Amino acid sequence: MSQTWLPFILVGAGSMLGGISRFGLTLATRDMGLFALPWGTLASNTLGCLLVGIVAGFGAKAELMSAETRLLLTTGFCGGFTTMSAFVYETSQLLQDKAYFFASGYFVLTLAGAGLAFLAGLLISQSIVN
């Protein structure tokens, strides 16, 4: 296989697995009944950011993770698993439904959760490496 195509294949395979995983998580959380929030998307965005943080931490030590593995996991899997477009769409749906409190909460929880999860991922990988 040509090296030129390898990055595309890695991203495509990772995206497929990430998208399937996100869909499964959405199905698994759709009947949670806790408030009127899209829990699957919230969870996938937060978990995806955690994974990106872990990969970024291991990626900082070049000998621990190849560029191909980082591409597969970050751009591929996490790109398919997390979804900013769904986050924006679902926030707009909550706003259209005049659920301003839930829209605001969902917005803040997603952004804060993603940022904190990324930092946690960095700390996890650093604690393992060091």
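Numbers here are sequence positions counted from 1. Keep in mind the model is a prediction, meaning the values are calculated, not measured.
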Shortest non-hydrogen contact between [X] and [Y], atoms and distance:
X	Y	answer
T75	S15	O-OG, 4.1 Å
M65	R70	O-NH1, 2.7 Å
S125	G57	OG-CA, 3.0 Å
A103	L95	CB-CD2, 3.6 Å
T41	F87	CG2-N, 4.1 Å
C78	G48	SG-O, 3.6 Å

From [X] atom [atom1] to [Y] atom [atom2], the distance as rounded to the nearest 0.5 Å:
X	Y	atom1	atom2	value
L51	I124	CG	CD1	10.5 Å
L50	T46	CG	OG1	9.0 Å
T82	R22	OG1	CZ	8.0 Å
M32	W39	CE	CH2	6.0 Å
L42	L47	CG	CG	9.0 Å
C49	F81	SG	CZ	10.5 Å

Kindly list each side-chain donor-acceptor pair under 3.5 angstrom involving residues 107-121, sequence neighbours excluded, with atom names and distances?
residue: T110; atom: OG1; partner: Y106; partner atom: O; Å: 2.8

If we ignore angles and hydrogens, is there a donor and acceptor under 3.5 Å between the side chains of S66 and T69?
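Checked: S66/T69 side chains pair up, N/O donor to acceptor below 3.5 Å.
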Do [X] and [Y] land in one hydrophobic cluster if side-chain heavy atoms of ILVMFWY residues count as linked below 4.5 Å?
X	Y	answer
V129	I54	yes
V11	V55	no
V52	F58	no
I128	L123	no
F8	L73	no

Can you confirm whether L71 sits close enough to E68 that some side-chain heavy atom of one is under 4.5 Å from a side-chain heavy atom of the other?
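A side-chain contact is absent here, since even the closest heavy-atom pair is not under 4.5 Å.
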